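Since this is a predicted model, take the numbers as computed values, not measurements. When a ligand or atom number is given, it counts from 1 through the structure's own listing order.
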Amino acid sequence: MFTADTMNGKTILITGGGSGLGLAMAKGLCRAGADIVICGRTLEKLEKASIEIGEQRKDALVKFYSVDVRDHEQVDQMFNSIKNEIGSLDGLINNAGGNFLSASEDLSPGGFKAIVDIVLHGTFNCTHAFGNYLIEKKQAGSILNIVTTYAEHGSAFVLPSACAKAGVLAMTKSLAYEWAEYSIRVNAIAPGPFPTKGAWARLVPDSMLEKMMIKQNPSKRLGDHQELANLAVFLMSDLAPYITGESVVIDGGESLKAGQFNFVTDMMSRKKLKMAFKAMKPKK
Ligand code: HXC
């Protein structure tokens with residue numbers, strides 16, 4: 001679907017691009033021709049990741065900045081450096097996240113704030129700085145926010161993340177409308193279970209949980225990073241110029257569990273179900 005020209009001439013900033021899904025998207029975009037900027041908190045991680053990204057394409061420009069997206073001054077400084085050192089930026093992927101499992105009654109205000117600061121305020125800080133950059137330059141651009149499937153319907157035991165991601169989804173739709181007149185597209189991806197070291201250490205700490213996650217997914221498997229990267233490339237590229245304000249779910253069907261009769265697939269095999277349906281069919 002993509003060639004090395006798909007993202008040719010575009011420079012994309014990926015927050016939290018030093019590991020996990022951010023790194024997978026950075027590599028995918030680089031292979032499709034983009035120059036890449038990543039930012040994150042840990043310098044060593046960024047250094048190692050930028051080498052891996054650079055290996056994807058011989059002539060790629062890859063830069064990294066050590067930035068905590070919670071701090072709007074650090075974010076503004078990064079955008080000034082990008083302007084001075086690179087000169088152009090066409091896209092932003094707000095991927096940096098934070099999450100942990102907790103009963104909501106046991107959360108501390110500090111724990112709630114830590115997640116909302118990274119996810120919601122971090123996304124705002126980067127989006128606000130990038131939006132102003134584009135508007136000032138009268139340049140078109142694309143923003144992609146990584147949310148979750150539970151941004152729509154909430155989830156037990158990840159309350160701060162659910163609240164923050166719901167806010168990011170609202171930001172996606174609000175800005176898609178407001179900034180369409182500046183030719184700035186704003187979309188989201190809502191990934192289901194894509195295993196990464198960071199998320200799995202905090203959210204899927206034992207193999208039993210992972211097995212249950214796979215069992216209750218109608219596709220009976222976890223997501224592959226490349227599948228997410230492909231979607232990100234498509235949404236960031238000029239293949240999708242009329243798509244804005246959209247949140248695309250990529251979860252193998254996991255979030256469709258609520259369909260009223262979907263539960264019967266957990267009760268018996270397809271063969272037994274067919275026999276039961278046949279027995280229920282009225283006879284002429
Ligand atoms: C309860 C916790 C906690 C835990 C931290 N806190 N971990 N509370 N259970 N497991 C509380 C602390 O007690 C503290 O509250 C406050 O949170 C801040 O913690 P710090 O460690 O001081 O903060 P910081 O060093 O900034 O770390 C932020 C973090 C950390 C979010 C807590 O986990 C982190 O850096 N995460 C980044 C990577 C990450 O989380 N990746 C997974 C993303 S997955 P007090 O009250 O003491 O101040 C994702 C996808 C979702 O988002 C979809 C999945 C399917």
Side-chain angles (χ1 to χ4, degrees), residues 14-25 38-46 49 66-71 74-75 93-123 125-126 144-169 171-172 188-206 209-217 219 221-225 227-228 231-232 247-257:
I14 301 122
T15 70
S19 58
L21 299 182
L23 178 56
M25 289 187 281
I38 53 172
C39 70
R41 286 178 293 175
T42 321
L43 202 56
E44 304 78 63
K45 223 157 93 172
L46 293 169
S66 171
V67 167
D68 188 334
V69 294
R70 289 177 277 198
D71 182 338
Q74 283 187 35
V75 168
I93 302 187
N94 285 302
N95 162 78
N99 206 350
F100 54 74
L101 287 171
S102 175
S104 298
E105 61 273 26
D106 297 335
L107 281 169
S108 70
F112 188 86
K113 185 174 183 313
I115 304 303
V116 174
D117 276 355
I118 299 170
V119 176
L120 184 55
H121 291 264
T123 299
N125 290 340
C126 294
L144 181 62
N145 295 325
I146 305 304
V147 295
T148 65
T149 48
Y150 59 67
E152 286 274 4
H153 46 74
S155 174
F157 308 122
V158 284
L159 183 70
S161 171
C163 295
K165 294 287 191 184
V168 174
L169 189 57
M171 199 188 305
T172 306
I189 294 179
F194 284 81
T196 64
K197 209 168 145 203
W200 254 226
R202 293 168 178 91
L203 304 174
V204 193
D206 76 58
L209 222 56
E210 186 183 87
K211 277 194 189 120
M212 283 165 71
M213 216 168 215
I214 294 169
K215 191 163 178 258
Q216 55 97 49
N217 189 309
S219 299
R221 68 171 176 91
L222 302 172
D224 185 304
H225 288 194
E227 294 170 311
L228 185 87
L231 180 56
S247 178
V248 182
V249 172
I250 176 166
D251 71 347
E254 179 189 64
S255 55
L256 301 173
K257 195 75 185 167

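The nearest protein heavy atom to atom 4 (C) of ligand 1 is closer than 4.0 Å. Atom 13 (O) of ligand 1 lies below 4.0 Å from none of the non-hydrogen atoms of the protein. The protein does not reach atom 47 (O) of ligand 1 closely, with no heavy atom under 4.0 angstrom from it. Protein non-hydrogen atoms do not reach within 4.0 Å of atom 21 (O) of ligand 1.
Under a 3.5 Å cut-off, the side chain of N145 and the backbone N or O of V147 do not form any donor-acceptor pair. Of the possible donor and acceptor atoms, one in the side chain of S219 sits under 3.5 Å from a partner among the backbone N and O of G252. The backbone N or O of R41 lies less than 3.5 Å from no partner atom in the side chain of D68, so there is not a single donor-acceptor pair. A donor-acceptor contact shorter than 3.5 Å links the side chain of H225 to the backbone of P195. The backbone N or O of G192 lies less than 3.5 Å from no partner atom in the side chain of T149, so there is not a single donor-acceptor pair. Checked by atom type and distance alone, the side chain of N217 never pairs as donor or acceptor with a backbone atom of M213 at under 3.5 Å. Side chain of N95 to backbone of G16: a donor-acceptor contact under 3.5 angstrom is found.
By the criterion of a heavy-atom distance under 4.0 Å, the side chain of T148, and not its backbone, is placed next to ligand 1. Contacts between A114 and ligand 1, counted as non-hydrogen atom pairs separated by less than 4.0 Å, involve the side chain only. Residue contacts with ligand 1 for I115 involve side-chain atoms from C-beta outward but no N, CA, C or O (heavy atoms, distance under 4.0 Å).
Shortest contact from atom 50 (C) of ligand 1 to any protein heavy atom: N99 ND2, 4.1 Å. Counting protein heavy atoms only, atom 55 (C) of ligand 1 is closest to G192 O, 4.2 Å. Protein heavy atom at the shortest distance from atom 6 (N) of ligand 1 is F100 CE2, 3.6 Å. Closest to atom 45 (P) of ligand 1 among all protein heavy atoms lies S108 OG, 3.6 Å. Of the protein's non-hydrogen atoms, I118 CD1, 4.1 Å is the one closest to atom 28 (C) of ligand 1. Here the heavy atom of the protein found nearest to atom 35 (O) of ligand 1 is R41 NH2, 2.6 Å.
Among G97, G198, A190, the residue whose heavy atom lies closest to atom 37 (C) of ligand 1 is G97. The option with the heavy atom closest to atom 54 (C) of ligand 1, from among D68, D251, V119, L203, is L203. Distances from atom 41 (N) of ligand 1 to the heavy atoms of M213, R202, E254 put R202 nearest. With A151, G111, A199 as candidates, the residue nearest to atom 17 (O) of ligand 1 on a non-hydrogen basis is G111.
Contact annotation: the side chain of S255 never approaches that of E152 to less than 4.5 Å [non-hydrogen atoms, C-beta and beyond]. For the pair L107/F100, a side-chain contact is recorded, criterion being any heavy-atom separation below 4.5 Å from C-beta on. Residues K197 and S19 have side chains not in contact (no heavy-atom distance under 4.5 Å, counting atoms from C-beta outward).
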Item to check | R70/N125 under side-chain contact (heavy atoms from CB on, under 4.5 Å): CA gap, chis, key distance, verdict | outcome: CA-CA 7 Å; R70 289 177 277 198; N125 290 340; 5.5 Å; no

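Shown in contact with Y150 at under 4.0 Å from a heavy atom are these atoms of ligand 1, numbered in order with element: 51 (C), 53 (C).
Residue contacts with ligand 1: R70 is included, with a non-hydrogen atom under 4.0 Å away.
Taking all atoms of both residues into account, the shortest heavy-atom contact from G97 to V119 is CA-CG2, 4.1 Å.
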